[in-house]
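The analysis underlying the following values was restricted to heavy atoms, covering all of them including side chains, and did not include hydrogens, waters or symmetry mates.
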Amino acid sequence: MIWDEQSGDEITLLGVYSSDQRARERIERARRLPGFVDEPDCFLVTPYELDEDHWTDGFVTIPHLGARALELDHDAHADAAYVSLLPVPAGGVRENVVVERKGRGDVVLDFDGDGFLVGIEIIGARGLIRSLST
């Protein structure tokens, strides 16, 4: 069971439980604690298989980003934001996949010619990014 606070920048593992009922009991206890009481609906219980390997392909660090945090560029006038994951290649962005959030805004995934994700555009950013909504 995890707690994923509303701004989306912190995920906390609260425990691994033998049953859904025990996880739900833990949520009820945690909802009364400092920090959790302010965001009581951010708990997530998901089933997890025991005795199985996870992360079997390892993980990668994107060299371009290194250890720095991702930066969000926001155009307040257009209410659009962009997160650059990699430099846009010389051929530019070749494909866009739009994720519509009815009444809130859209998220556009930008892919290069090889099918790799290079950036994420957020249209209607104030409706989708909590820190911009105030």
Side-chain angles (χ1 to χ4, degrees):
M1 175 190 50
I2 63 168
W3 177 74
D4 184 3
E5 56 92 29
Q6 290 179 354
S7 67
D9 63 353
E10 184 177 330
I11 296 176
T12 304
L13 176 67
L14 296 181
V16 178
Y17 297 91
S18 60
S19 70
D20 186 69
Q21 176 62 32
R22 287 182 182 238
R24 302 281 170 206
E25 290 168 359
R26 173 62 173 122
I27 289 172
E28 291 310 310
R29 291 190 307 272
R31 280 187 171 146
R32 296 186 294 264
L33 299 173
F36 300 122
V37 72
D38 298 326
E39 298 184 49
D41 298 322
C42 291
F43 295 93
L44 177 65
V45 176
T46 57
Y48 200 78
E49 294 294 323
L50 299 177
D51 299 323
E52 286 193 17
D53 293 338
H54 299 274
W55 292 80
T56 57
D57 293 328
F59 67 93
V60 298
T61 300
I62 301 171
H64 170 70
L65 299 177
R68 75 173 176 84
L70 292 177
E71 292 181 13
L72 178 77
D73 294 319
H74 180 240
D75 179 338
H77 179 71
D79 192 24
Y82 197 79
V83 178
S84 178
L85 302 174
L86 294 171
V88 175
V93 171
R94 295 289 176 94
E95 180 183 6
N96 303 108
V97 176
V98 179
V99 178
E100 294 182 40
R101 301 288 298 165
K102 300 260 187 236
R104 309 265 328 230
D106 296 330
V107 177
V108 182
L109 306 175
D110 292 341
F111 294 90
D112 67 14
D114 295 321
F116 291 102
L117 183 65
V118 295
I120 303 166
E121 183 175 7
I122 301 108
I123 301 168
R126 286 186 204 95
L128 294 170
I129 301 172
R130 184 172 304 280
S131 61
L132 297 176
S133 67
T134 55

Asks: Using every non-hydrogen atom in the two residues, find where A81 and A125 come nearest and quote the distance to one decimal.
Replies: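 Closest pair (atom of A81, atom of A125, distance): CB-CB, 4.0 Å.
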Asks: Which distance, rounded to the nearest 0.5 Å, do you find between the CG of D20 and the CD of E25?
Replies: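 D20 atom CG to E25 atom CD measures 10.0 Å (nearest 0.5 Å).
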Asks: Once you round to the nearest 0.5 Å, how far does CG of L14 lie from CZ of F36?
Replies: 4.5 Å
Asks: Side-chain heavy atoms nearer than 4.5 Å, only ILVMFWY residues, links allowed to pass through others: does that put L128 and Y82 together?
Replies: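 The answer is no; the residues belong to distinct hydrophobic clusters.
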Asks: Roughly how far, to the nearest 0.5 Å, is the CG atom of D110 from the CZ atom of R94?
Replies: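 Nearest 0.5 Å value for the CZ-CG distance: 13.0 Å.
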Asks: Kindly give the heavy-atom pair with the smallest separation between R101 and D106, and that separation in Å.
Replies: N-OD1, 3.8 Å
Asks: Taking all heavy atoms of L33 and all of R26, pick out the closest pair and write down the distance.
Replies: CD1-NH1, 4.0 Å
Asks: Would you say V83 and F116 are hydrophobically clustered, going by side-chain heavy atoms of ILVMFWY under 4.5 Å?
Replies: no
Asks: Rounded to the nearest 0.5 Å, what's the gap from CD1 on I122 to CG on D75? Could you check?
Replies: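 Nearest 0.5 Å value for the CD1-CG distance: 12.5 Å.
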Asks: Name the one of V98, I120, I123, V97 that satisfies side-chain contact (heavy atoms from CB on, under 4.5 Å) with V107?
Replies: I120
Asks: If I take atom CG from residue L117 and atom CG from residue L109, how far apart are they, to the nearest 0.5 angstrom?
Replies: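 Reported to 0.5 Å precision, the distance equals 6.0 Å.
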Asks: Taking R31 first and then E28, would you say they form a salt bridge - that is, a charged N and a carboxylate O separated by under 4.0 Å?
Replies: yes
Asks: Give a yes or no answer on whether the side chain of D112 reaches the backbone of V118 with a donor-acceptor pair at less than 3.5 Å.
Replies: no
Asks: Could you pull out the closest heavy-atom pair between S18 and R22, with the gap in Å?
Replies: OG-CD, 3.4 Å
